[in-house]
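Written out below as structure tokens is the structure these notes cover.
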Amino acid sequence: MPFIAFLPFLTIDINIDPTIFTAGPFTLTWHGLFTAVGIICGVSLSVYLAKKDGIPSDVGEEIALVAVPAAIVGARLFYCLEHFDTFKDDPAKIVTGITDGGITLYGGLIAGVVAGLAYGLWRKWPIAIGLDAAAPGMILGQGIGRIGDLINGEHHGTASSLPWAFKYTNPNTLAELGKSVHPTAGGYELIGDFLICAI
């Protein structure tokens, strides 16, 4: 569609600093905020769905107390395995470098499911109902978390002149400044996640 190339004003400019604020050693980023909001919303939806199918809320919450920390650890460990060369000479960076970023979504999903499943089996709870309830919560949380990626300029696609292309203009962005790109994770996947959750 060559005519779109002549309409650069339709590109969506993102001029938001990825960091919300810093207080001493603590830094709050949009990615961290939306990850936390995604976890809260995802767990809340799963607990609600489980309760509708006869699992008491306290059971769902108890599983979440096991699955969520396991997911966070799993997301970090999978990232460290993927980037083994970065950590092999200084394994302490696995923990100390967490604020520099570095998690893998599917690592979190796998570890969270395995931990929740193992705990549910150990407690002899209805596993099938629990897994059915967990799935929509997981995809909802993933979609909300991708809003942070959208703001940060992470996981975008190739150059694009489409009217919904994103162009990052904040000097602290993680994207290439001033380049219009396909909004892969923070656009297409985000919409896909919400559609899957709705279905």
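Side chains included, hydrogens not; waters and symmetry mates left out as well; all remaining heavy atoms used.
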- Output, in order, the C-alpha distance, side-chain angles, deciding distance and verdict of side-chain contact (heavy atoms from CB on, under 4.5 Å) for Leu140 and Leu45. CA-CA 8 Å; Leu140 174 65; Leu45 176 60; 3.8 Å; yes
- Message: Using side-chain contact (heavy atoms from CB on, under 4.5 Å), reason through Thr184 and His155 one step at a time and then give a plain yes or no.
- Response: CA-CA 6 Å; Thr184 310; His155 315 303; 5.8 Å; no
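- To the nearest 0.5 angstrom, Lys179 atom NZ is 7.5 Å from Thr158 atom OG1.
- You'll find the side chain of Gln142 reaches within 4.5 Å of the side chain of Leu109, heavy atoms only.
- Hydrophobic clustering, with ILVMFWY side chains joined whenever heavy atoms are under 4.5 angstrom apart, keeps Leu49 apart from Val47.
- In the hydrophobic clustering of ILVMFWY residues, with side-chain heavy atoms under 4.5 Å counting as a link, Val43 and Tyr48 come out apart.
- Val37 places a side-chain heavy atom less than 4.5 Å from the side chain of Cys41.
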- Item | Chi angles and distances behind the side-chain contact (heavy atoms from CB on, under 4.5 Å) call for Tyr168, Asp13 | CA-CA 6 Å; Tyr168 290 89; Asp13 283 350; over 6 Å; no
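- At a threshold of 4.5 Å between non-hydrogen side-chain atoms, the residues Thr22 and Phe26 do not count as touching.
- Connection of Leu117 to Met138 is established within a shared hydrophobic cluster, with ILVMFWY side chains joined at heavy-atom distances below 4.5 Å, either directly or through further cluster members.
- Partners of Glu62 under the side chain to side chain donor-acceptor pair (under 3.5 Å) rule, at least two apart in sequence or in another chain, are Tyr119, Arg123.
- Between the OG atom of Ser46 and the CG atom of Leu131 there is a distance of 10.5 Å, given to the nearest 0.5 Å.
- Residues Arg146 and Glu189 approach most closely at NE-OE2, 3.0 Å, considering heavy atoms.
- In this structure, Lys167 and Ile14 have side chains that are not in contact, with every pair of non-hydrogen atoms separated by 4.5 Å or more.
- Trp164 is connected to Ile16 through a chain of hydrophobic side-chain contacts under 4.5 Å among Ile, Leu, Val, Met, Phe, Trp and Tyr, so both are in one cluster.
- With sequence neighbours excluded, no residue forms a ring-ring contact (aromatic ring centres under 6.0 Å, His included) with Trp30.
- Nearest heavy-atom pair across Ala70 and Ala111 is O-CB, 3.3 Å.
- Residue Thr173 holds its OG1 atom at 11.5 Å from CZ of Phe166, rounded to the nearest 0.5 Å.
- Considering only heavy atoms from C-beta on, Phe194 stays 4.5 Å or farther from Ile139 through its side chain.
- Ile55 places a side-chain heavy atom less than 4.5 Å from the side chain of Pro126.
- Counting all heavy atoms, side chain and backbone alike, Asn172 lies closest to Pro18 at O-CG, 3.4 Å.
- Annotation: side chain of Asn170 is in contact with side chain of Asp17 (closest heavy-atom distance under 4.5 Å).
- Considering all non-hydrogen atoms of both residues, Ile63 and Gly116 come closest at CG2-CA, 4.0 Å.
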- Trace of the side-chain contact (heavy atoms from CB on, under 4.5 Å) decision for Glu154 with His31: CA-CA 9 Å; Glu154 295 179 275; His31 188 274; 3.2 Å; yes
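- Atom-to-atom distance recorded for Leu81:CG and Thr104:OG1 is 9.0 Å, nearest 0.5 angstrom.
- Grouping the Ile, Leu, Val, Met, Phe, Trp and Tyr side chains by contacts below 4.5 angstrom, directly or via other members, places Leu105 apart from Phe78.
- When all heavy atoms of Ala64 and Pro69 are compared, the pair lying nearest together is O-CD, 3.8 Å.
- Contact between Thr11 and Ala165 at its shortest, heavy atoms only, is CG2-O, 3.3 Å.
- Within a 6.0 Å radius of OH in Tyr188, other residues, nucleotides and ligands contribute more than 12 heavy atoms.
- Note that CG of Leu33 is 5.5 Å distant from CG of Leu28, once rounded to the nearest 0.5 Å.
- Ring to ring, Phe87 and His83 are not that close: their centroids are 6.0 angstrom or more apart.
- In this structure, OG1 in Thr19 is found 7.5 Å from CG in Asn152, a value given to the nearest 0.5 Å.
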